[in-house]
Amino acid sequence: MNGTALFYWVRNNVFGAPPLLRPVAEWVTMRPVLVAASSWGTLVLEFSLAIAVLLPTPFRLRILLPIALLFHLAIWLVLGVSSFAFVMGAALLILVVPVGWSLVRPRMYRIRSGREKETPV
């Protein structure tokens, strides 16, 4: 419980950062504050996802969803676990986006007198 879990994962020879990202990963993991913040931040994010259905919809869509998607994208880039990132991305959409929610707002139409066309409001 000392906040160093991310240090070991990022520096692991099998699951660690790829050679292209290794210098950045080593720079981050050499700073105790960044390692602790990343390790504990992961737990805060995952616990937030666990209670996501109880949180307000705007918070889930505007804050929690983008952060969680970026987090799992980072897992893919740093740890190379692509299938996990794709599955978790799909699971996040199922968990966070409410049933019946649409990205596109429906257009409302006003009907004018007989010969005029319908016009958007």
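Sequential numbering from 1 along the given sequence is applied to the chain's residues.
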**Q** Rounded to the nearest 0.5 Å, how far does OG of S38 lie from CZ of F7?
**A**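 Between F7 CZ and S38 OG, I get 12.5 Å after rounding to 0.5 Å.
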**Q** Would you indicate whether the side-chain heavy atoms of L79 and F84 approach each other to under 4.5 Å?
**A**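 Side-chain contact under 4.5 Å: no.
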**Q** Quick check: closest heavy atoms across V35 and V28, and the distance to 0.1 Å?
**A**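 Between these two residues, the closest heavy atoms are CG2-O, 3.6 Å.
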**Q** Are V24 and F71 linked, directly or through other ILVMFWY residues, by side chains that come within less than 4.5 angstrom of each other?
**A**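 Looking at the clustering, F71 is in a separate group from V24.
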**Q** State yes or no: do L21 and V14 share one hydrophobic cluster built from I, L, V, M, F, W and Y residues joined by side-chain heavy-atom distances below 4.5 Å, directly or via other members?
**A**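 Per the 4.5 Å side-chain linkage, L21 and V14 are co-clustered.
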**Q** Honestly curious: do L54 and L92 fall in one hydrophobic cluster under the side-chain, below-4.5 Å linking rule?
**A**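 Yes, L54 connects to L92 through the hydrophobic network.
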**Q** What residues, two or more places apart in sequence or in another chain, satisfy side chain to side chain contact (heavy atoms under 4.5 Å, CB included) together with V10?
**A**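 Here the qualifying residues are L6, A17, A25, T29, V78.
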**Q** Would you give the length of the straight line joining atom CD of E26 to atom CE of M30, rounded to the nearest 0.5 angstrom?
**A**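 Interatomic distance, E26 CD to M30 CE, rounded to 0.5 Å: 8.5 Å.
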**Q** Any chain of hydrophobic side-chain contacts (each under 4.5 Å) joining I94 to I51?
**A**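 No, I94 and I51 fall in different hydrophobic clusters.
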**Q** Applying a strict under-4.5 Å side-chain criterion to I, L, V, M, F, W and Y, I'd like to know whether V44 and F47 cluster together.
**A**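 No, V44 and F47 fall in different hydrophobic clusters.
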**Q** Name all residues meeting the side chain to side chain contact (heavy atoms under 4.5 Å, CB included) criterion together with F86; count only those two or more places apart in sequence or in a different chain, and write none if there are none.
**A**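 Listed in chain order: W76, S82.
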**Q** When rounded to the nearest 0.5 angstrom, what is the spacing between CD1 in I75 and CG in L70?
**A**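 Separation between the atoms: 11.5 Å.
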**Q** Sort and list the pairs that fulfil side-chain hydrogen bond (donor to acceptor under 3.5 Å, both in side chains) and have at least one residue in residues 55-73, not counting sequence neighbours.
**A**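 Listed once each, the pairs would be none.
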**Q** For L64, give me all partners under side chain to side chain contact (heavy atoms under 4.5 Å, CB included), at least two apart in sequence or on another chain.
**A**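 Per chain and number, L64 pairs via side chain to side chain contact (heavy atoms under 4.5 Å, CB included) with L45, S48, L49, A52, L55, F59.
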**Q** Which residues satisfy the ring pair (Phe, Tyr, Trp, His ring centres under 6.0 Å) test with Y8, sequence neighbours excluded?
**A**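 With sequence neighbours excluded, Y8 shows a ring pair (Phe, Tyr, Trp, His ring centres under 6.0 Å) to no residue whatsoever.
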**Q** Could you report the tightest heavy-atom contact between L61 and L65, atom names first, then the distance?
**A**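 Of all heavy-atom pairs spanning L61 and L65, the closest is O-CB, 3.9 Å.
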**Q** Would you please name every residue forming a side chain to side chain contact (heavy atoms under 4.5 Å, CB included) with V87, sequence neighbours left out?
**A**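 By the side chain to side chain contact (heavy atoms under 4.5 Å, CB included) rule, V87 matches no residue at all.
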